[in-house]
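Following: one structure in structure tokens, then a few remarks.
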Amino acid sequence: MTATIPTRRSTEEQASAIPSWRRVLGSEVAARVTFYVTAFLLWVALAAAFERVPGPLSVVDSLVTEFSRGEVFSNFADTFYRFTIGVALSVIVGVVVGIVMGLSGLARAFFESPVLVGLSIPAIIWAFLTVMWFGFGDASPIVTTFLTAVPFVIVNVAQGVQGVSRDLRDMSSSYGVPLGRRVRDLVLPAVSGYVLAGVRFAVIIGWNGVLLAEWFGGSGGAGFRARYWYDANQFAGFAAWVILFVVVIVVLDQLVFERMARRAFRWRDAAHS
Amino acid sequence: MAVLTVNDLCKTFGAGTARSNRVLDHISFDVRGQTFVSIVGPSGCGKSTLLNIISGVETHTSGAISVTSDDGRPARLGYVFQDPRLLPWRTVRKNMMYVQDKDDEVTRGRVDRYLDMVGLGKHGDFWPGQLSGGMQQRVGIARAFAVEPDLLIMDEPFSHLDAITARGLRAQLQDIWAQSKKTVVFVTHDVVEAVELSDRIIVLQPGGRIYEDITIDLPRPRRQSDPAVATLQAEVLARLEKMKAMTPQVAASV
């Protein structure tokens, strides 16, 4: 008895045989859109079912009111000022300590425990502590942002430095490549991905930190304004600010860090294309 | 071209401790002029350690070693490793420039010339990850020649490649070497490869001693299909079998 093996089609042939509407539905963009639509519908349903969940219309109304009063830009200006200083400090200190930890076993032994402690303390604890230490003002959110973010930068950078290939370092030594060129062309590119990942973590974690510190001890800022609506029992206003928090971090991540990562790793993307 | 002198060289890892391990034991030889020397021996006999000492990556425990150019100045070294060791975030051409002393027109021209010689003239702007393993190793070879070394050190450069790619690269290496007139020290555990490429084969035995220093006096270019090459390969293999019989702990990799 003979068996007939059906002619198999190439992936290109298979792709062209699929109708375009099915290709669109099966895309990653469609998956993302599906999530947003589902989340929105769930929100509408929850708002209809529970009185204390504000619906989309009342939240949009609150947002428009906050914008028209000038509250959004002035409060975000305060928050960004504190956030930028806190993150910048955490990146500077984190990169330096991370490089030292990556290069020296002694430094690793010294910093390992404090970094672990830093990683294990949540932002809310730092927010409480800094408000107790520094009171209401800029210092609390700045220090909270710094303390929340810096351990993540340190851990990532230290891992990156330790991960610089021994083979490539030996190759550089064999050819007598000068130290400056080694740092510029070997160490920094090897570590850049880890630094980027560390800064990305720092921004996300630091954003939590600054909002929490403003919530508990701010005299202005986005976190303070969200607290204001919460205390006033106005959940639509509160939800409007929560949406703004999320939008800011998503825009920052997608517009800044995604692009930076794509540029830093273009050699890897090209190799896999 | 270079003058390499190794005199009574010893290397012991963990010297002075309970776990000390001597891998090179009173090695002496010299290499000069346009000579292609292969160092052959079973795994663990100290071949790669010897290369690392020659290149300065590793220090020796006792004895003396000197590498100078034939006019007496310190020798410039080129190194081809088992794997290509390319920086994945730099293009092929920039990888070759990374190890050059200067970044000028002459150097860039030389880099392009050697890329052409290994058949990768059109791949200078490619990332290493876009090339096959054999092509990456050709970049490694071109990089080593492009620094215009007095001494070229090659550490089992074809051991990770398939047989056909390795054969092509061996032929290419012979052609480039014939044109460039370098002193080459080549480590391999493949006797067939050593006979095809070398003027001299230094055989290391376990424990890091020189067992034999064999002169290969065959015309070039050599190909494995040449009966004279095949006969000599069989003869050298027989001598190594004899060494293996005398030292039972020799691994079967010879």
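Numbered from 1 within each chain, the chains take letters A, B, ... in sequence-line order. Since the model is a prediction, treat every value here as computed from it, not as a measurement.
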query: Do A/W207 and A/F80 have their ring centres less than 6.0 Å from each other?
result: yes
- request: Heavy-atom distances under 4.5 Å only: say whether B/V147 touches chain A with side chain, backbone, both or neither.
  value: side chain
task: Assess the side chains of B/Y79 and B/N52: does a donor N or O sit below 3.5 Å from an acceptor N or O?
output: yes
query: By a 4.5 Å heavy-atom criterion (distance strictly below it), what part of B/Y98 contacts chain A: side chain, backbone, both, or neither?
result: both
task: Go through B/R73 and B/D71 one step at a time and tell me if the salt bridge (Lys or Arg N to Asp or Glu O under 4.0 Å) criterion holds.
output: CA-CA 6 Å; B/R73 62 187 164 74; B/D71 57 7; 3.4 Å; yes
- request: Given salt bridge (Lys or Arg N to Asp or Glu O under 4.0 Å), test B/R110 with B/E105 step by step and report yes or no.
  value: CA-CA 9 Å; B/R110 191 170 65 233; B/E105 276 304 312; over 6 Å; no
field: Over 12 non-hydrogen atoms of neighbours within 6.0 angstrom of OH in A/Y81
entry: no
query: Checking B/R76 against chain A: side chain, backbone, both or neither under 4.5 Å from a heavy atom?
result: side chain
- prompt: Where on B/I153 is there a heavy atom nearer than 4.5 Å to chain A: the side chain, the backbone, both, or neither?
  reply: neither
- prompt: Can you tell which of B/R85, B/R90, B/Q100 has the highest number of heavy-atom pairs within less than 4.5 Å of chain A?
  reply: B/R85
field: Between A/G176, A/S172, A/S165, A/S174, the one whose heavy-atom pairs under 4.5 Å with chain B are most numerous
entry: A/S174
